Amino acid sequence: MDAQNYKEVSTVGRWGRVHGRYLKYNHPVRYTVLLLSGKLNGYLDELDQQAKKQLELIVQQMAEREDVTEELKTTDQMEWVRRMNNIRIRAEEVIKTTLIYH
């Protein structure tokens with residue numbers, strides 16, 4: 001990737017960059033079409049924004065379902081952190097399988 005393209009891609013967020021690498025190596029024709037048409041960065045940025053929103057929603061829903069509350073945070077902070085980290089990891093796996101590697 002030349003310096004100009006690298007600079008443009010570097011403004012795309014984490015999820016967009018991961019999906020961009022996935023496209024580049026697993027769907028090179030689609031990647032090249034998007035790149036040459038000038039739509040790659042817009043596509044990756046849109047996917048990144050969508051992934052962030054979905055991740056936030058999934059984390060919130062899982063925390064509610066598993067009773068990880070502000071009350072738990074004040075009474076047992078380490079348990080709250082452990083459970084929230086676990087929720088976040090599982091939510092990120094959902095994002096990867098439904099949006100990033102799809």
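None of the values given here were measured: they were computed from a predicted structure. Hydrogens, waters and symmetry mates play no part in the numbers below; they use all other heavy atoms, side chains included.
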What pair of heavy atoms forms the shortest contact from V12 to G16, and how long is it?
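Looking at all heavy atoms of both residues, the closest pair is CG1-CA, 3.5 Å.
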Identify the heavy atoms of A91 and V59 that sit nearest to each other, and give their distance.
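Nearest heavy atoms, A91 then V59: CB-CG2, 3.7 Å.
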Determine whether L72 and T75 make a side-chain contact, defined as any pair of heavy atoms from C-beta on separated by less than 4.5 Å.
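Yes. Closest side-chain heavy atoms under 4.5 Å.
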Within the 4.5 Å heavy-atom criterion, are L55 and W15 side-chain neighbours or not?
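The answer is yes, as the side chains (C-beta and beyond) meet within the 4.5 Å cut-off.
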Test salt bridge (charged side-chain N to carboxylate O under 4.0 Å, His left out) applied to R21 - qualifying residues, sequence neighbours left out
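R21 satisfies salt bridge (charged side-chain N to carboxylate O under 4.0 Å, His left out) with no residue once adjacent residues are dropped.
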Under the salt bridge (charged side-chain N to carboxylate O under 4.0 Å, His left out) test, which residues partner K52, sequence neighbours left out?
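Once residues adjacent in sequence are excluded, the partners of K52 under the salt bridge (charged side-chain N to carboxylate O under 4.0 Å, His left out) criterion are D48.
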Are L57 and M84 in one and the same hydrophobic cluster, where Ile, Leu, Val, Met, Phe, Trp and Tyr link if side-chain heavy atoms are under 4.5 Å apart?
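Per the 4.5 Å side-chain linkage, L57 and M84 are not co-clustered.
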Do you see a donor-acceptor pair shorter than 3.5 Å between the side chains of N86 and R90?
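Yes, side-chain donor-acceptor contact under 3.5 Å.
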Can you tell me if [X] has over 12 outside heavy atoms packed within less than 6.0 Å of its [atom1]?
X   : atom1 : answer
Q77 : CD    : no
E66 : CD    : yes
E46 : CD    : no

Could you state the interatomic distance from [atom1] ([X]) to [atom2] ([Y]), rounded to the nearest 0.5 Å?
X   : Y   : atom1 : atom2 : answer
I58 : R88 : CD1   : CZ    : 11.0 Å
K24 : L40 : NZ    : CG    : 10.0 Å
H27 : T32 : NE2   : OG1   : 12.5 Å
Q50 : D45 : CD    : CG    : 11.5 Å
L23 : R30 : CG    : CZ    : 5.5 Å

Taking only Lys NZ, Arg NE, NH1 and NH2, and the carboxylate oxygens of Asp or Glu, determine whether E79 and R82 approach each other closer than 4.0 Å.
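Result for this pair is yes, salt bridge flagged.
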Enumerate donor-acceptor pairs with a distance under 3.5 Å from any side-chain N or O in residues 92-102 to protein atoms, sequence neighbours excluded.
residue : atom : partner : partner atom : Å
E92     : OE2  : R14     : NH1          : 3.3
E93     : OE2  : K96     : NZ           : 3.4
T97     : OG1  : E93     : O            : 3.1
T97     : OG1  : V94     : O            : 3.1
T98     : OG1  : V94     : O            : 2.7

Using modelled atom types only, decide if a donor and an acceptor are shared between the side chain of N26 and the backbone of Y22 within a distance under 3.5 Å.
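Yes, N26 side chain to Y22 backbone: donor-acceptor pair under 3.5 Å.
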